Amino acid sequence: MFAQIDRPVGLGNIATNYYPHVARAQERRIALERRIASDAEVQLGFDLDEALAETARCFSCGHCIRCDNCFQYCPDLAIRRVPGGYQVLTDYCKGCGICVRECPTGSMEMVEELR
């Protein structure tokens with residue numbers, strides 16, 4: 001089974017072509033006059049639609065989102081679905097790395113097997 005990656009996942013390990021480009025929500029602040037006149041919060045939060053749009057921009061870096069890409073793209077049928085994720089069947093895997101390249105979140109990595 002795949003283990004959670006314990007280090008930061010760099011942008012180069014994320015298949016960004018799986019994610020549409022969406023602009024970041026614009027930050028809103030209260031008017032200068034109101035800032036001076038009161039001690040109200042300066043930076044305004046997002047409304048519900050903006051907050052949901054921001055969450056959709058998330059790459060889920062290093063976290064398996066169970067998209068099935070590794071399962072679908074493996075030419076050797078060496079990926080098996082298991083409760084909570086996937087398992088690499090090392091007896092069948094030839095180490096081509098297609099599963100790692102097609103993982104949109106960078107949650108898979110190739111590691112040399114120690115013998």
Side-chain angles (χ1 to χ4, degrees):
M1 176 138 34
F2 295 112
Q4 184 61 44
I5 296 177
D6 293 332
R7 59 177 168 61
V9 175
L11 189 60
N13 293 337
I14 298 171
T16 57
N17 56 315
Y18 282 100
Y19 301 92
H21 178 74
V22 179
R24 181 180 294 188
Q26 293 298 311
E27 182 180 287
R28 293 177 298 164
R29 296 174 184 234
I30 63 173
L32 180 60
E33 301 80 29
R34 189 164 165 219
R35 286 185 227 171
I36 294 170
S38 71
D39 56 343
E41 186 70 37
V42 173
Q43 186 172 344
L44 302 172
F46 297 136
D47 63 26
L48 180 60
D49 290 334
E50 290 171 327
L52 292 173
E54 281 299 289
T55 63
R57 295 179 64 241
C58 177
F59 290 153
S60 299
C61 306
H63 296 275
C64 179
I65 57 173
R66 294 171 184 77
C67 66
D68 263 2
N69 279 7
C70 57
F71 180 80
Q72 296 291 333
Y73 281 96
C74 180
D76 300 316
L77 304 174
I79 306 288
R80 179 172 70 157
R81 290 184 192 114
V82 295
Y86 302 91
Q87 178 182 35
V88 177
L89 305 172
T90 55
D91 289 343
Y92 300 103
C93 178
K94 66 181 176 193
C96 67
I98 292 174
C99 57
V100 174
R101 281 194 309 277
E102 294 301 326
C103 179
T105 63
S107 63
M108 295 182 73
E109 65 180 343
M110 296 283 289
V111 179
E112 184 177 350
E113 186 177 335
L114 301 175
R115 296 190 185 232

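Worth saying up front: this structure is predicted, and the values here are computed from it rather than measured. When a residue number appears, it is its place in the shown sequence, counting from 1.
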I'd like to check [X] versus [Y] (side-chain heavy atoms, cut-off strictly below 4.5 Å). Are they in contact?
X	Y	answer
Tyr73	Ile79	no
Gln72	Glu102	no
Arg81	Asp68	yes
Val9	Thr105	no

Minimal non-hydrogen separation, [X] against [Y], with atom names:
X	Y	result
Met108	Cys70	SD-CB, 3.6 Å
Met110	Val100	CG-CG2, 3.7 Å
Arg28	Glu50	NH2-OE1, 3.2 Å
Ala40	Arg34	CB-NH2, 4.2 Å
Pro104	Cys67	CD-SG, 3.6 Å

Reported [atom1]-to-[atom2] distance for the pair [X] and [Y], which is rounded to 0.5 angstrom:
X	Y	atom1	atom2	result
Asn69	Ile98	CG	CD1	12.0 Å
Gln43	Glu27	CD	CD	4.0 Å
Leu11	Cys61	CG	SG	7.5 Å
Arg57	His21	CZ	NE2	8.0 Å

| said: Please say yes or no: joined through hydrophobic side-chain contacts below 4.5 Å, possibly via intermediate residues, are Phe59 and Val22 part of one cluster? | reply: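 Per the 4.5 Å side-chain linkage, Phe59 and Val22 are not co-clustered.
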| Do the side chains of Phe46 and Leu44 join up, straight or via other hydrophobic residues, at under 4.5 Å, putting them in one cluster? |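 Each belongs to a different hydrophobic cluster.
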| request: Give a yes or no on this: more than 12 heavy atoms of other residues, nucleotides or ligands lie within 6.0 Å of atom OH of Tyr18. | output: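 Count over threshold, so yes.
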| Between Glu54 (side chain) and Ala25 (backbone), is there a donor-acceptor pair under 3.5 Å? |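 Such a contact is found between Glu54 side chain and Ala25 backbone.
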| request: Apply ring pair (Phe, Tyr, Trp, His ring centres under 6.0 Å) to the pair Tyr86 and Phe71, showing each step before the final yes or no. | output: CA-CA 8 Å; Tyr86 302 91; Phe71 180 80; 7.0 Å; no
